[in-house]
Amino acid sequence: MKLNFDTDKVSVTEFGVGLDEGDGQTFVSIPVDADVQAALREMVASTWHAMQRHDDGPTKYEPSEKHGGTEYLYLPLKDDLATVMQNLHNAANLPVNAGVLADPTAVFSYLARMTDDKGRRLTALRRATQFKGILKSKGRLVRMLDDSLRIVEDSVFKLDTDFDLLVDSANVHILRPSGFEFAGNLQDAILAAVPQNIGAVQRDLPFVDFSGIEEYASKHPRAARYLASIRSQKETKNIDKTALRALCKTNGVEVQVKNGKVTVADGHEMDFLEVLDRRRYQLELVKGSPERFRAGSRQRIGG
Amino acid sequence: MVQSRGSGRPEGLRAARLLMVLSSISPLFILWAIRGNKVIPDRYFIGFCALMVVLPNVFLWLRIRIAKRQEDKRELVVGKADDHRDHILVYLFAMLLPFYSEDLGSWRYLGSSLAALTFIVFLFWHLNLHYMNLVFAARGYRVFTIYPPADGNRLTGKASHALITRRVSLASGERIIAYRLSDTVYLEADQ
């Protein structure tokens, strides 16, 4: 996958921070000098290089997957789960507030916004863990001045070596899925999207009673993630009712048919969602000894 | 007039803005120096006027130079743009000419003129009118107030900015790369 931006021909580099201010996230721009801008461009370059080191190329981000610390994933910018990133990337004229770092407690991320010579925009974002971390060492940092060590009195912030994600005009390129989920406020977004996701899946599976699942998913983030993943894969169309019941039975998921609708028994909501998300399977390599498995991660192979 | 940030946060570069206001009223000191006055000997009065002309304009030149050297520029998206050539006229007729015609013939008149000028400077500084500058106008620049696009994005800035540019018009949706002279005043980078 290519980056829709030329990192070698950057004409503008802006720095900013994300603030968690109780009533929601805001982002402000902070003026920085040419050296900091160069460091930010280096971070973008090393993020892109780190992504290219993942030989198997980017796979699409799925909220139900358990991801590693660093993986190269992507998510189309138009995806519902990328709403925060889309808003940030498309935001015009971020307010300037050079004084915001005087009280950095509300800072949850920092970012770079760049424009290349063709006018294309790139947004890079990093969770502000190390960035603020060094503030705790205030009064313990020393530097060599003349021929002796002196305490550094100023507030010092630390830039990381790379960003968690890059956003171009088409995609969110994710290097650290946890950073994307944190900055994108994904947990809340996924929980809030439960009714819409249920509605979308219900249209494909009119023979399933989702009322119990909706209630369960609205309180359990993991179930809400499965639901978001099931919807985003768009593979619930044309599921056969008999085949679904048979798969549930094979995998020990209790379902009943009430008034012509498949109803999931209490306590089996997650199991049923795993079936729909293609995470439950059974093998019988030893004849007469069937084994059931749950896939923490799965990838389609072949057709 | 350029709107300050809606969040109530103070505008940055306060001293810089003050010197830019002084730079914008420097033509008045040229007129005063030419006229002279009866209470202060010319060599002191002209020296003072010269200082009030040179220092703020040197500062303005330095501010532009530093912004260019530090690459202190950003991309501004135009939602709506208002041409404010009329501001220069208002500035000329509302400030320069009345002050020029003031009688500076006694210590009392001189004091009252300086006090009135101080109020004007404060108002220019407070209302972010520091972009009004005859030097820019003489060099062919125009001043636009640009408003952010109404794109429904809650992260888009709400403040308007003054853009000093050689363009004669700005279209909605246009993206401009400009140097930051203050948080609300920008000078378009050479194309």
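Chain A is the first sequence line, chain B the second, and so forth, proteins listed ahead of strands; every chain is numbered from 1.
Once rounded to the nearest 0.5 Å, the distance linking CG of A:Asn93 with OH of B:Tyr147 reads 13.5 Å. Separation of atoms CG (B:Asp183) and CG (A:Asn97) is listed at 8.0 Å; rounding is to 0.5 Å.
For a residue to count as touching a neighbouring chain, one of its non-hydrogen atoms must lie under 4.5 Å from one of that chain's; by this rule A:Ser11 touches chain B with backbone and side chain alike. Heavy-atom distances place both the backbone and the side chain of B:Leu155 under 4.5 Å from chain A. For B:Pro149, the part lying near chain A is the side chain, with the backbone staying farther off; criterion is any non-hydrogen pair under 4.5 Å. Interface remark: B:Tyr179 contributes no atoms to any contact with chain A (heavy atom separation under 4.5 Å). Residue A:Val36: no heavy atom, backbone or side chain, is found under 4.5 Å from chain B.
Ranked by non-hydrogen atom pairs under 4.5 Å with chain B, the options A:Gly99, A:Gly119, A:Ser29 are led by A:Gly119. Contact count against chain B (heavy-atom pairs under 4.5 Å) is highest for A:Asn87 among A:Asp33, A:Asn87, A:Leu94, A:Val12.
When the heavy atoms of residues 64-81 of chain B are compared with those of chain A, the residues falling under 4.5 Å are B:Arg69, B:Gln70, B:Glu71, B:Asp72, B:Lys73, B:Arg74, B:Glu75, B:Leu76, B:Val77, listed by number. Among the residues in residues 107-116 of chain A, those with a non-hydrogen atom closer than 4.5 angstrom to a non-hydrogen atom of chain B are A:Thr115.
For B:Thr156 (side chain) and A:Ala92 (main-chain N/O), a donor-acceptor pair under 3.5 Å exists by modelled atom type.
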